[in-house]
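Inspection log for the structure reproduced underneath, given as structure tokens.
Within every chain, numbering begins at 1; the chains are lettered A, B, ... in the order of the sequence lines, protein sequences first and strands thereafter.
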Amino acid sequence: MEQNRYKLNKELAQMLKGGVIMDVTTPEQAKIAEAAGACAVMALERIPADIRAAGGVSRMSDPKMIKGIQDAVSIPVMAKCRIGHFAEAQILQAIEIDYIDESEVLSPADDKFHINKRKFNVPFVCGAKDLGEALRRINEGASMIRTKGEPGTGDIVQAVRHMRMMNSEIRKIQSMSEDELFNEAKVLQVPYELVQYVHENGRIPVVNFAAGGVATPADAVLMMQLGAEGVFVGSGIFKSGNPEKRAAAIVKAVTNFNDSKMLAELSEDLGEAMVGINEDEISLLMAERGK
Amino acid sequence: MKIGVLALQGAFIEHEKKLIECGAEAFEIRQRRDIERSFDGLILPGGESTVIGKLLHELDLMQPVRERILDGMPVMGTCAGLILLAEHIAEDDTVHIGTMGITARRNAYGRQLGSFHTTAQFKGIGEIPMTFIRAPYIEDVSTAEILAEVDGKTVAARENNQLALAFHPELDDSAAVHEYFLKM
């Protein structure tokens, strides 16, 4: 991938900042999401909560279904491929997807290597639960990062843990002397230049969203105040009682994440939230896939 | 000089940094009380026009923004901001702010694979870098003045106090367009 293309791909993520990216499974849901103010949609056959319930091997969605969603909306369309499955990624690039999510929500296709994302012209977003994972994905060519959280649970605890972990590691690197950065690069298994960037800028070199377990406007605000630049909402919307209202409320809450009075109003009468599962009630930790 | 940057969604921080680089003061407009402050110019940033347009309505900002522009306040719209300003959107009945007599074509270069970087002449400035991200262009400038063209398509135009750009001057090293805007 040429340098210019990588810059353009990072810049598309910049345009998504302050926005909410919603999981959708049909063109109708995509239209609801767009009308509710989604800045992009993630097209997938089953939302994470249903993937979790169904079990078995979970794969990239049918390209025809993704194309149906591309035709239904004018906002960017993202889709997921399995970790390490570069052939699925090639298919998504062939149908001109706007962003590929190399995602732990699907069953990993490679237990050792992620996709060499530098070989692609379309951008990739990848999950991370700490700074090392984030920088390794960036080194492989990811132009956007999200916390892994724990998809399909409606439980925010893991997303919070991952965001706090990343923030704390960034602060640690910021306070290191230059001499210590070389060893830190070794520990994190990433090139020195990436560690140096974090040291100098106090952030990772790409946009960082929160994902995995966001179910309410307050969850979204929690993540924004912890430093997320935007939010992915997966199962939280279309598994809830009133998807339109909940989606619109989360969008507004993200825009005004420092206004608690507005958040209180937005949190009223949203109907039933997704039921959710606590992290200690689940046997499959998706966040442990792909390090 | 104090510039309000609409900060509902998208790349608004990038604009704020450019303004500070140019010696201007920047503040974010997120809700009604922000726009009631006194300021000298308005920037509508890149992002998703559907999102920003919807939030302008829901946060009660559409009317005051429109009034400010009609009163003659200098405004610069980049990418999604251009679409917000346009009186017409090709093959779309939506009108957002609609104060500038141009026709915009959304996603005119296709999906992300169609995004590109180039340099071109900008009237009154010279050659500048231009970054297009899932960009629109101006299909019909009507009475507005064309300031820049790329491959025969209008990518920058001005109508009195309104400046519309299909590209993202906030993403490149040059601050020339922001300086141009601050002199409007």
Taking all non-hydrogen atoms of both residues, which atom of A:Lys7 and which atom of B:Leu171 are closest, and how far apart?
NZ-O, 3.8 Å
Which bit of B:Leu59 is near chain A, if near means a heavy-atom gap under 4.5 Å: side chain, backbone, both or neither?
side chain
Given heavy-atom pairs under 4.5 angstrom as the criterion, report whether the side chain, backbone, both or neither of B:Glu170 touches chain A.
side chain
Does the B:Gln112 side chain pair with the main chain of A:Leu12, one donor and one acceptor, at a distance under 3.5 Å?
no
Is a donor on one side and an acceptor on the other found under 3.5 Å between the side chain of A:Gln14 and the backbone of B:Gly10?
no
Do any of residues 221-235 of chain A have a heavy atom less than 4.5 Å from a heavy atom of chain B, and if so, which, in residue order?
none
Neighbours of chain A found in residues 125-143 of chain B - heavy atoms under 4.5 Å:
B:Thr131, B:Phe132, B:Ile133, B:Arg134
Heavy-atom contact with chain A under 4.5 Å, split by part of B:Ala80:
neither
Could you tell me whether the side chain of B:Glu48 reaches within less than 4.5 Å of the side chain of A:Pro76, counting heavy atoms only?
yes
Proximity of residues 92-110 of chain B to chain A, residues having a non-hydrogen atom under 4.5 angstrom:
B:Arg106, B:Asn107
Where A:Ala248 and B:Lys54 come nearest, the two heavy atoms and their spacing
CB-NZ, 3.9 Å
Under 4.5 Å from a heavy atom of chain A, the part of B:Thr50 involved
side chain
With chain B as the partner chain, list the residues of residues 255-263 of chain A whose heavy atoms fall under 4.5 Å from it, by residue number, and write 'none' if nothing qualifies.
A:Thr255, A:Asn256, A:Phe257, A:Asp259, A:Met262
Region of B:Leu55 that comes under 4.5 Å of a non-hydrogen atom in chain A:
side chain
What closest approach, in Å, do B:Gln9 and A:Lys17 show between heavy atoms, and which atom pair accounts for it?
NE2-O, 3.2 Å
